[in-house]
Amino acid sequence: MEDLASTGHLYDAVTDKWTMTDQAAEFLYMGTSPLPYMAPAGTRQLLDVSTWLGHDDHFYCVPVFTIAEWRNVETRHTVMNVVRCSANELSDAVLHELAEDATVVLMISSNEASFYTTMRACGDRMLSAHVHMPVILEYHSSEASLENGILDASTDVGGLLVEGLGDAVMLTLRSDDQIDSATSVRTAFGILQAARTRMTKTEYISCPSCGRTLFDLQETTSMIRSHTDHLKGVKIGIMGCIVNGPGEMADADYGYVGSGPDRITLYRGQEIVKRNVPSAHAVQELIGIIRDDERWVER
Ligand code: SF4
């Protein structure tokens with residue numbers, strides 16, 4: 001049960017209750033090893049069909065088929081059947097065959113060198129064939145470095161989501177040759193947020209900093225985060241100077257912009273709300289503006 005904390009499900013042994021964080025996975029791919037207890041409410045297990053057939057729960061557990069198994073196994077879930085395949089298996093004929101079953105959700109992966117290009121071509125094939133099944137993008141990083149894995153996943157999977165290709169993400173990142181579930185889930189939610197597919201946390205837009213920057217950008221960003229990172233869906237721009245900052249944070253809800261030595265100008269959208277506030281008080285003033293807009297919640 002403690003292991004599920006890495007997927008955003010927290011178990012309290014005293015009350016025998018689960019709580020889900022804002023970034024909890026709704027589906028847990030368990031393959032051939034179902035959870036030995038009831039899954040947390042709001043969560044479903046994906047089980048390989050051979051395991052699913054022998055499981056008691058045929059509703060909250062969802063089967064995962066290969067294309068051949070989907071053709072040959074007669075027992076199916078009444079609502080959702082996941083067909084796991086590689087993009088290259090999905091010819092027009094196969095797509096049309098699968099599309100006849102309204103319960104099919106595709107889980108598509110690619111072993112090709114360019115995940116993005118292969119999946120993009122697959123998305124184009126689906127669109128031209130007028131096939132609109134839900135798609136889970138399955139991405140496994142082969143990078144030894146966790147940081148490179150995060151970057152690759154963000155560009156490959158994020159690029160597809162930005163173009164409207166894909167409805168869900170199954171992401172596997174590794175650190176020290178082990179699957180890193182916590183980072184995989186956190187990164188998946190980060191990608192969904194960056195692609196504007198699903199907002200689960202505060203968003204920060206900061207400039208890269210340059211010779212005009214009027215404060216320590218990293219230190220200030222982490223200080224603002226420490227006060228505001230529980231405000232789901234709020235976008236805060238943190239910009240080093242007032243010359244270019246307001247333009248660079250164009251779609252932020254609030255702006256914290258350096259306007260002179262030790263002076264900060266605060267914005268609501270593109271409108272200046274407080275000018276030249278001493279930096280020692282600027283975060284509290286920013287919180288005040290968020291409160292005035294009734295977007296503040298206690299942590
Ligand atoms: S917003 Fe100002 S400080 Fe930041 S990178 Fe742009 S010009 Fe430099």
Side-chain angles (χ1 to χ4, degrees), residues 22-23 116 141 143 145-164 173 183 186-297 299:
D22 283 335
Q23 297 194 353
Y116 173 83
S141 170
E143 281 285 347
S145 140
L146 182 60
E147 195 172 44
N148 287 347
I150 293 171
L151 289 171
D152 285 354
S154 303
T155 48
D156 284 344
V157 178
L160 293 164
L161 291 172
V162 163
E163 296 193 40
L173 300 173
T183 309
R186 203 168 50 243
T187 304
F189 276 104
I191 293 171
L192 289 168
Q193 172 132 348
R196 300 286 187 271
T197 303
R198 181 167 172 188
M199 308 303 270
T200 51
K201 56 183 181 177
T202 322
E203 183 151 332
Y204 300 93
I205 305 160
S206 69
C207 72
S209 85
C210 71
R212 290 185 195 271
T213 310
L214 289 160
F215 49 77
D216 183 320
L217 204 68
Q218 270 181 295
E219 197 177 273
T220 305
T221 303
S222 77
M223 185 265 295
I224 294 172
R225 283 182 93 109
S226 71
H227 288 85
T228 58
D229 65 2
H230 60 297
L231 302 175
K232 189 160 83 175
V234 172
K235 271 184 257 168
I236 301 176
I238 304 160
M239 297 291 150
C241 80
I242 205 156
V243 182
N244 295 322
E248 292 184 31
M249 58 165 201
D251 71 337
D253 299 316
Y254 301 99
Y256 181 107
V257 179
S259 49
D262 194 36
R263 289 291 180 272
I264 305 298
T265 292
L266 299 170
Y267 286 70
R268 177 186 292 112
Q270 288 290 295
E271 168 210 353
I272 293 179
V273 185
K274 301 214 168 179
R275 209 183 281 274
N276 295 327
V277 179
S279 45
H281 310 141
V283 173
Q284 287 310 319
E285 295 283 354
L286 174 66
I287 291 171
I289 297 167
I290 300 173
R291 274 187 205 280
D292 290 346
D293 293 348
E294 298 184 356
R295 297 187 74 179
W296 178 262
V297 288
R299 193 177 282 279

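For ligands, and for the atoms within them, numbers begin at 1 and follow the listed sequence. Index from 1, following the sequence.
C241 SG, 2.3 Å is the protein heavy atom nearest to atom 2 (Fe) of ligand 1. Among protein heavy atoms, the minimum distance from atom 8 (Fe) of ligand 1 is reached at C210 SG, 2.3 Å. The protein atom (non-hydrogen) at minimum distance from atom 6 (Fe) of ligand 1 is E248 OE2, 2.7 Å. For atom 7 (S) of ligand 1, the closest non-hydrogen atom on the protein side is N244 ND2, 3.2 Å.
Set against the non-hydrogen atoms of S209, the atoms of ligand 1 under 4.0 Å away are 5 (S). Close contacts between ligand 1 and T213 involve ligand atoms 3 (S) [criterion: under 4.0 Å to a heavy atom]. Against a heavy-atom cut-off of under 4.0 Å, G240 is close to the following atoms of ligand 1: 3 (S), 4 (Fe).
K235 and D251 are joined by a salt bridge, as a carboxylate oxygen and a charged side-chain nitrogen come within less than 4.0 angstrom of each other.
Side-chain contact between I236 and D253 is absent, with no heavy-atom pair separated by less than 4.5 Å.
Remark: side-chain polar atoms of T220 are not paired, donor with acceptor, to backbone N or O of L217 under 3.5 angstrom. Panel note: side chain Y204, backbone S222; no donor-acceptor pair is recorded below 3.5 Å.
More than 12 heavy atoms of other shown residues, nucleotides or ligands fall within 6.0 angstrom of atom NE2 in H230.
The only option from R198, E203, K201, Q23 that meets the side-chain hydrogen bond (donor to acceptor under 3.5 Å, both in side chains) definition with Q193 turns out to be E203.
Contact annotation: C207 places no N, O or S atom under 2.8 Å from atom 2 (Fe) of ligand 1.
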(message) side chain to side chain donor-acceptor pair (under 3.5 Å), that's the test. Do S259 and N276 meet it? Break it down for me.
(response) CA-CA 6 Å; S259 49; N276 295 327; 2.9 Å; yes

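By heavy-atom distance, the residue among S206, G247, G245 lying nearest atom 1 (S) of ligand 1 is G245.
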